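Read the structure below first, then the notes.
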Amino acid sequence: MKSVFLLEQKVFNGTILMATINTGFSTKELAEKALQSTKKVNEDSRFINTYNINEIQIYENEQEIPIMNQ
């Protein structure tokens, strides 16, 4: 098992969700750098952008999956 960091960007037109963009990174630091660059590029956007970084687990085989080993 290993961890990756998912940068999730949601783009809204008012209250309507137009898009969700997910991008994965191998380190939290890299995800945070990408987040800062993305925020800078979108600072003058006419749309509302929200961002979130989540750590997720990558399971490479059945033995690593906790629910399957009970």
Side-chain angles (χ1 to χ4, degrees):
M1 174 184 77
K2 57 185 167 185
S3 295
V4 295
F5 296 85
L6 183 69
L7 171 56
E8 178 183 66
Q9 176 185 1
K10 291 188 176 187
V11 183
F12 292 88
N13 185 0
T15 59
I16 298 174
L17 177 63
M18 296 185 347
T20 300
I21 303 164
N22 292 301
T23 310
F25 298 91
S26 59
T27 66
K28 187 171 185 178
E29 294 78 19
L30 188 56
E32 288 171 344
K33 283 184 176 183
L35 171 59
Q36 294 308 315
S37 294
T38 304
K39 282 183 175 181
K40 186 174 182 177
V41 166
N42 289 313
E43 64 188 5
D44 294 327
S45 174
R46 65 184 190 128
F47 302 109
I48 298 167
N49 290 275
T50 63
Y51 308 93
N52 194 28
I53 295 175
N54 294 303
E55 181 177 1
I56 62 171
Q57 309 307 311
I58 302 294
Y59 299 104
E60 299 183 81
N61 59 62
E62 287 185 25
Q63 290 74 33
E64 293 181 343
I65 303 171
I67 194 75
M68 297 181 80
N69 291 307
Q70 295 188 20

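Owing to the predicted nature of the structure, the values given are computational and were not obtained by experimental measurement.
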[atom1]/[X] to [atom2]/[Y] distance, rounded to the nearest 0.5 angstrom?
X   : Y   : atom1 : atom2 : result
N49 : K10 : CG    : NZ    : 12.5 Å
Y51 : Q36 : OH    : CD    : 10.0 Å
L35 : I53 : CG    : CD1   : 4.5 Å
K39 : T50 : NZ    : OG1   : 10.0 Å

Discussion item. So, using side-chain hydrogen bond (donor to acceptor under 3.5 Å, both in side chains) as the criterion, who are the partners of N13 when residues are at least two apart?
Written reply: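 Applying side-chain hydrogen bond (donor to acceptor under 3.5 Å, both in side chains) to N13 gives none.
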Sequence neighbours left out, what passes side-chain contact (heavy atoms from CB on, under 4.5 Å) with [X]? Give chain and number order.
X   : answer
E55 : S3, F5, Q57
N52 : E8, N54
E64 : M1, Y59, E60, N61
I67 : I65, Q70

With clusters built from Ile, Leu, Val, Met, Phe, Trp and Tyr whose side-chain heavy atoms come within less than 4.5 Å, directly or transitively, what are the remaining members of the cluster of [X], listed by chain and number?
X   : answer
V41 : none
V4  : I56, I58
L17 : F12, I48

Sequence neighbours left out, cut at 3.5 Å: what donor-acceptor pairs do the side chains of residues 22-30 make with other protein atoms?
unit_1 : atom_1 : unit_2 : atom_2 : d
T27    : OG1    : L30    : N      : 3.1

